[in-house]
*Asks:* 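For reference, the structure I am asking about is given below.
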2 protein chains.
Amino acid sequence: MKSKKSECIPSENLETALHELKKAGLKVTPTRKMVLLHLTNAHGPFSIEEIHAGIKGKSCNLTTIYRIISHLEAIGLVRRTDLGDGVARYEYHCAEHPHHHLICRECKRIEIIDRDLFPEIEEVAKSKGFVQINPCFEIYGVCKNCAA
Amino acid sequence: MKSKKSECIPSENLETALHELKKAGLKVTPTRKMVLLHLTNAHGPFSIEEIHAGIKGKSCNLTTIYRIISHLEAIGLVRRTDLGDGVARYEYHCAEHPHHHLICRECKRIEIIDRDLFPEIEEVAKSKGFVQINPCFEIYGVCKNCAA
DNA sequence: TTTCGTGCAAAACCTTTGCAAAGTG
DNA sequence: CACTTTGCAAAGGTTTTGCACGAAA
């Protein structure tokens with residue numbers, strides 16, 4: 001029972017997310033549920049295409065995914081990430097687990113780095129008068145496998 | 001004469017850049033010179049459009065700028081940055097002055113944060129087996145003016 | 001001279017928008 | 001029922017590609 005101070009439990013996240021949806025005055029539709037289910041279950045940032053493919057069962061339109069994600073981003077449920085290839089990617093924003101991405105330039109593999117490791121960054125930003133900082137970084141490098 | 005340990009002197013940068021160009025087997029053309037001149041003189045990341053506009057005197061094609069930047073990025077002379085609006089921006093990569101960007105979500109103002117402030121990041125990345133790390137972050141927040 | 005760079009036009013690509021039909025609370 | 005959400009088709013904007021001409025080493 002050594003539960004860490006705050007774990008991300010998928011089903012719990014889905015509940016929270018749906019609650020946030022309602023709170024923001026958005027309706028809970030099947031498609032939105034599917035998108036959130038996918039995002040809360042799987043890790044790592046996904047492109048719109050990938051999210052779309054991920055909920056293929058209940059077929060729906062790409063445009064709809066764009067619009068849903070746009071809403072989710074606006075209310076802070078997902079965060080946008082740029083991996084440098086011109087395609088926007090989105091990730092469920094688990095407030096309990098803020099983290100950075102360590103991305104391999106070669107194979108695009110992504111590793112997670114806990115955000116608590118660098119509290120200094122937020123302090124520096126604050127000292128420059130910035131507020132509402134939510135630093136989640138994309139750190140590029142070459143991973144062990146690809147370097148070999 | 002209180003010169004900091006390593007300053008970025010525009011003209012010096014241009015020389016270095018042109019040298020790197022040749023070293024990479026690329027030819028030194030007027031257009032490439034203009035692009036590099038612009039990038040080494042001015043600060044902050046620029047979109048392709050902005051670079052194009054910046055060298056209007058010697059009119060040239062947008063496509064050419066795309067291709068030049070693509071080359072410069074490949075040989076490491078410029079680095080790409082995503083500010084979250086779907087437009088790629090580029091910046092001269094001054095090895096002497098690695099830095100992060102602190103970006104205001106509202107007015108898009110950019111402040112520079114010296115990279116040396118966070119040596120820990122590189123260490124963590126290395127501990128995960130990553131090499132060739134060059135962490136330059138985009139940190140989003142809301143600046144003093146916009147918060148008021 | 002041979003190879004590389006550029007301009008132009010067209011295509012590819014991701015994302016957004018408008019409108020009518022269907023669904024939600 | 002009023003209002004939001006969705007699908008479809010089309011447009012918008014950025015970036016890439018092909019080819020012929022021009023310029024650099």
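Chain naming here is simple, since letters A, B, ... match the order of the sequence lines and numbering starts at 1 in each. Values in this document were obtained by computation on a predicted structure and should not be read as measured data.
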*Asks:* Counting only side-chain heavy atoms from C-beta out, which of C:dG25, D:dT6, D:dC8 sits nearest to A:V28?
*Replies:*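 Closest of the options to the side chain of A:V28: C:dG25.
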*Asks:* Both B:H71 and A:Y90 contact DNA chain C. Which one's nearest nucleotide lies toward the 5' end?
*Replies:* B:H71
*Asks:* Quick check for you: among D:dT15, D:dT5, D:dA25, whose closest atom lies nearest to any side-chain atom of A:L26?
*Replies:* D:dT5
*Asks:* For A:R32 and for B:S70, locate the closest nucleotide of DNA chain D by heavy-atom distance; then report the residue assigned to the nucleotide nearer the 5' terminus.
*Replies:*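 Per heavy-atom nearest nucleotide, the more 5' residue is A:R32.
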*Asks:* A:L72 CG to D:dT5 C1': how many Å, rounded?
*Replies:* 13 Å
*Asks:* What nucleotide among D:dT15, C:dA9, D:dT5 has an atom nearest to a side-chain atom of B:A88?
*Replies:* D:dT15
*Asks:* Minimum heavy-atom separation for A:C104 and A:C143, please, with both atom names.
*Replies:* SG-N, 3.4 Å
*Asks:* Whole angstroms only, please: what is the NZ-P distance between A:K33 and D:dT5?
*Replies:*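 In whole Å, D:dT5 P and A:K33 NZ are 15 Å from each other.
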*Asks:* For B:L62 and C:dT6, give me the distance from atom CG to atom P, rounded to whole Å.
*Replies:* 14 Å
*Asks:* Would you indicate, yes or no, if C:dT6 has its OP1 or OP2 atom less than 4.0 angstrom from a side-chain nitrogen or oxygen of B:N61?
*Replies:* no
*Asks:* Tell me which nucleotide among D:dA24, D:dC3, D:dT6 gets nearest to the side chain of B:P30.
*Replies:* D:dA24
*Asks:* Roughly how many Å is it from CD1 in A:I68 to P in C:dT15, rounded to a whole number?
*Replies:*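 The distance from CD1 of A:I68 to P of C:dT15 comes to 16 Å, rounded to the nearest Å.
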*Asks:* Given C:dA9, C:dT6, D:dA24, identify the nucleotide with an atom nearest to the side chain of B:R67.
*Replies:*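 Nearest listed nucleotide: C:dT6.
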*Asks:* Within less than 4.0 Å of OP1 or OP2 of C:dT6, is there a side-chain N or O belonging to B:T31?
*Replies:* yes
*Asks:* Ignoring the backbone of A:T29, work out which of C:dG7, C:dT24, D:dG7 is nearest its side chain.
*Replies:*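 The nucleotide sitting nearest to the side chain is C:dT24.
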*Asks:* Where each residue is assigned the nucleotide of DNA chain D containing its nearest heavy atom, which of A:G25 and B:E49 is assigned the position nearer the 5′ end?
*Replies:*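 Mapping each residue to its closest nucleotide by heavy atoms, the 5'-most match is A:G25.
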*Asks:* Does B:E20 pair with B:K22 as a salt bridge, N-O distance under 4.0 Å?
*Replies:* no
*Asks:* Which atom pair, heavy atoms only, marks the closest approach of B:E111 to A:K128?
*Replies:* OE1-CD, 3.6 Å
*Asks:* Rounded to whole angstrom units, what separation is found between the CD1 atom of A:I69 and the P atom of C:dT15?
*Replies:* 11 Å
*Asks:* B:Y66 side chain N/O closer than 4.0 Å to the phosphate oxygens (OP1, OP2) of D:dT16?
*Replies:*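 Checking B:Y66 against D:dT16: no side-chain N or O falls below 4.0 Å of OP1 or OP2.
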*Asks:* Please determine whether ring pair (Phe, Tyr, Trp, His ring centres under 6.0 Å) holds for the pair B:H38 and B:F46, giving the CA-CA distance in whole Å, both sets of side-chain angles, and the decisive distance to 0.1 Å.
*Replies:* CA-CA 10 Å; B:H38 183 75; B:F46 300 107; 5.0 Å; yes
*Asks:* Have A:H93 and A:E73 got a donor and an acceptor in their side chains that come within less than 3.5 Å?
*Replies:*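 Looking only at side-chain atoms, A:E73 and A:H93 do not form any donor-acceptor pair under 3.5 Å.
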*Asks:* Starting from P on C:dC14, measure out to CD on A:E50 and report it in whole angstrom.
*Replies:* 11 Å
*Asks:* When the distance from CG of A:D82 to P of D:dT15 is rounded to whole Å, what number comes out?
*Replies:*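 Atom CG in A:D82 sits about 11 Å away from atom P in D:dT15.
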*Asks:* In whole Å, what is the span from the CD atom of B:E73 to the P atom of D:dT16?
*Replies:*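 For the pair B:E73 CD and D:dT16 P, the rounded distance is 9 Å.
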*Asks:* Could you tell me whether the side chain of A:H52 and the main chain of A:I65 form a donor-acceptor pair under 3.5 Å?
*Replies:*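 Judged by distance alone, no pair lies under 3.5 Å.
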*Asks:* From D:dA9, D:dT6, C:dG7, pick the nucleotide closest to the side chain of A:T64?
*Replies:* D:dT6
